[in-house]
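Labels below follow one simple rule: chain letters A, B, ... track the order of the sequence lines, proteins then strands, and each chain is numbered from 1. The figures here come from the full heavy-atom set of this structure, side chains too, leaving out hydrogens, waters and symmetry mates.
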Protein chains: 2
Amino acid sequence: MKKAKNQKAALALELARAQNEMRSKMRQVIQTKISALDPDLSFELLEVIGLLWRSDGINQQEISDRLSKDKSSVTYLINALVKRALVKRIEHEKDRRHKLIFLTDKGKQIRKVIYPLVLESYADACGDIDLEILKQNTVMIREMTKNLDAFGD
Amino acid sequence: MKKAKNQKAALALELARAQNEMRSKMRQVIQTKISALDPDLSFELLEVIGLLWRSDGINQQEISDRLSKDKSSVTYLINALVKRALVKRIEHEKDRRHKLIFLTDKGKQIRKVIYPLVLESYADACGDIDLEILKQNTVMIREMTKNLDAFGD
DNA sequence: GAATATTAGTTTGAATTCAAACTAATATTA
DNA sequence: TAATATTAGTTTGAATTCAAACTAATATTC
C-alpha cells in the first residue's frame, strides 16, 4: 500500500517539475513575442490584462483568486497597469471596500494585436496533441488542487 | 481548421491556469509543513536541496536546467544554502568554470524529516487518481514543452 | 600558438512574489 | 445601537526571479 502511494507521489513530483518547465518555456516564448511589439509589457501584466479581456470589471480579490496571485502582488500589478493607462480602478458604489478594475480603451484595443500571439503560442505548444487528452489533463490537475484543499486548509 | 486550432489553444490556456493554481496551492501546503519544522527553510531552497538528494555534486548550470530557474537565481539560492551550511561549492578540478554543489552532512540529514512531508503532500494531491493517467499527463506536458522548442528558439 | 568563440558563474538593478501587519469598510451579533 | 468579526485592499520589507552586462576559464579556429 505504502509503496504504491509513494510511487504515485514521486511521479506527481515529476509532473510538477514538467509543469515548471512548461511554464518557464511558455513565459519565455510569449515574453519574446510581446516585447517585440511593446517592450513595456511584461508576461505578468499580460496575465492580468488577459483575464480582464474575459471578465472586465471584476475586483482585485477575484483577480487574485483566478490568477493564483497574492493580493499584494495584484495591487502591485494593477498599479503598474494604471500607470500605463491600460486599466482604471473604480470603487464599487455599494461596497466601497471593492475596487473594480476596468480596461481602458487602450487596454481593450491591444487585444487585437496581443491575443493572437498568445493563442498562437499555445497552439504551437499543443501541436497535434489530442483535444480529449488535453481536457482530461486539465480536469486531473484541477482534481489534484481540490484534493489539497481537503488536507491543506 | 483555424477554429479547431484556436479551441485547442484556448483549452491549453486553461490548462496553464490550472497548473498555476496547483503550483500555488502545493507551494503553500509544503511551505506550511516545513516552516513548522524549520522556519528558515523556504520552498525554493527545498527545490534545490531536493534535486541534490537525487543528484548530489552537479554543477549550477545543471541545477538551473533541471529546475527551470535562471542561473542567476541559482547563484542566489546556492549562496543562501551555503550560508545555512546545507551545501558546499567545490570547483571542478579539470574545468574550473564549473562549481560542483555537494550536500553537507546537515544537508543530507534533513532528508529523513523533510522528504516524507513533501512526498505526503504530493500523495494527498494524487488522491485516487489513476497512475496511468498521471504518467500520460506528464508525458503530454513534456511534449508541449518540446513543441515550443521547435518554434520558440 | 594567437585570436576568437563558447561556456559557467557572478553581479547589477528592476520586476515580481510572498507573508505579515495594517487600514478602512461592511457584516454580524449581542 | 455598540461591540466584534470579516472582508478588500494597501503597505512594508524580505525573498525570489529575470534579463543584461560582465568576468574568468576553456574550446575552437586560423
Side-chain angles (χ1 to χ4, degrees), chain A residues 20-21 23-36 39-49 57-84 87-101, chain B residues 20-21 23-36 38-49 57-84 87 89-101:
Chain A
N20 284 345
E21 198 178 356
R23 174 177 163 81
S24 169
K25 189 75 196 170
M26 203 75 219
R27 188 193 185 287
Q28 179 193 325
V29 167
I30 293 178
Q31 180 72 73
T32 301
K33 284 185 186 174
I34 58 176
S35 286
D40 200 33
L41 200 53
S42 71
F43 179 79
E44 289 76 13
L45 294 177
L46 195 54
E47 284 182 296
V48 178
I49 294 270
I58 59 180
N59 66 20
Q60 299 187 194
Q61 183 62 54
E62 189 166 352
I63 295 175
S64 171
D65 292 339
R66 290 175 57 180
L67 295 183
S68 307
K69 288 180 190 293
D70 191 89
K71 51 186 188 162
S72 60
S73 297
V74 172
T75 295
Y76 165 80
L77 292 170
I78 297 294
N79 285 343
L81 288 173
V82 168
K83 221 172 285 173
R84 288 162 177 74
V87 308
K88 280 172 296 191
R89 246 196 203 94
I90 297 181
E91 245 182 24
H92 192 291
E93 304 162 350
K94 304 290 175 58
D95 187 338
R96 283 160 49 214
R97 288 173 300 186
H98 297 67
K99 313 287 179 68
L100 307 183
I101 309 301
Chain B
N20 284 345
E21 197 178 357
R23 173 177 162 83
S24 169
K25 189 74 194 170
M26 204 74 218
R27 187 194 186 286
Q28 179 192 326
V29 167
I30 293 179
Q31 180 73 73
T32 301
K33 284 184 186 174
I34 58 176
S35 286
D38 182 348
D40 199 33
L41 201 53
S42 72
F43 180 79
E44 289 77 14
L45 294 178
L46 196 53
E47 285 184 295
V48 178
I49 293 270
I58 60 181
N59 66 19
Q60 298 187 197
Q61 184 61 55
E62 189 167 352
I63 295 175
S64 171
D65 292 338
R66 291 176 56 181
L67 294 183
S68 307
K69 289 180 189 291
D70 191 89
K71 52 185 187 161
S72 59
S73 297
V74 172
T75 295
Y76 164 81
L77 292 170
I78 297 294
N79 284 344
L81 288 172
V82 168
K83 221 172 283 173
R84 288 163 177 74
V87 308
R89 244 197 206 95
I90 296 181
E91 244 181 25
H92 191 291
E93 304 161 353
K94 303 289 176 57
D95 188 337
R96 282 161 49 213
R97 287 174 301 185
H98 298 67
K99 312 287 179 67
L100 307 182
I101 309 301

(request) Would you please name every residue forming a salt bridge (charged side-chain N to carboxylate O under 4.0 Å, His left out) with A:E21, sequence neighbours left out? (result) none
(message) Is there a side chain to side chain contact (heavy atoms under 4.5 Å, CB included) between B:K99 and B:N59? Walk through the geometry before answering.
(response) CA-CA 5 Å; B:K99 312 287 179 67; B:N59 66 19; 5.8 Å; no
(request) Starting at the 5' end of DNA chain D, write a dot or bracket for each base, bracketing those in Watson-Crick or G-U wobble pairs whose two distances are under 3.5 Å and using | for partners on another strand. (result) ||||||||||||||||||||||||||||||
(request) Could you state the atom-to-atom distance from NZ of B:K99 to P of D:dA25 in whole Å? (result) 10 Å
(message) Looking only at the side chain of A:D95 (C-beta and beyond, no hydrogens), which of the listed nucleotides C:dT26, C:dT6, C:dG9 gets closest?
(response) C:dT26
(request) Using whole Å, report how far CD of A:Q61 lies from C1' of D:dA8. (result) 6 Å
(message) Between A:E44 and A:R27, does any side-chain N to carboxylate O distance fall below 4.0 Å?
(response) yes
(request) Could you encode protein contacts along nucleotides 14-23 of chain D as a string, one character per nucleotide from 5' to 3', using B for base contact, S for sugar-phosphate-only contact and - for no contact, with a heavy-atom cut-off of under 4.0 Å? (result) -SBBBB----
(message) Expressed as a whole number of angstroms, how long is the span from B:Q60:CD to D:dA24:C1'?
(response) 14 Å
(request) Could you tell me the separation between the NZ atom of A:K94 and the C1' atom of D:dA8, rounded to a whole number of Å? (result) 18 Å
(request) Could you tell me the separation between the NE2 atom of B:H92 and the C1' atom of D:dA25, rounded to a whole number of Å? (result) 13 Å
(request) Would you mind reporting whether B:L77 and B:L45 have side-chain heavy atoms less than 4.5 Å apart? (result) yes
(message) Can you tell whether the side chains of A:E47 and A:R23 come within less than 4.0 Å, N to carboxylate O?
(response) yes
(message) Testing A:R96, A:H98, A:H92 one by one against A:K94 for a side-chain contact (heavy atoms from CB on, under 4.5 Å), which residue passes?
(response) A:H92
(request) When you get a sec, tell me which of D:dG9, D:dT6, C:dG9 is the closest nucleotide to the side chain of B:T75? (result) C:dG9
(message) Taking A:N79's backbone N and O only, do any of them form a donor-acceptor pair with A:R84's side chain (distance below 3.5 Å, no angle check)?
(response) no
(request) Starting at atom CZ of B:R89, determine the distance to atom P of C:dA8, rounded to an integer number of angstrom. (result) 15 Å
(message) Can you confirm whether A:I78 sits close enough to A:V82 that some side-chain heavy atom of one is under 4.5 Å from a side-chain heavy atom of the other?
(response) yes
(request) Could you tell me whether the phosphate oxygens of D:dA25, OP1 or OP2, come under 4.0 Å of any side-chain nitrogen or oxygen in B:R96? (result) yes
(message) Whole angstroms only, please: what is the NE2-C1' distance between B:H98 and C:dG9?
(response) 10 Å
(message) Please report the distance, rounded to the nearest Å, between CD1 in A:I78 and P in D:dT10.
(response) 9 Å
(message) For B:K69, is there any backbone N or O sitting under 3.5 Å from a side-chain donor or acceptor partner on B:S64?
(response) yes
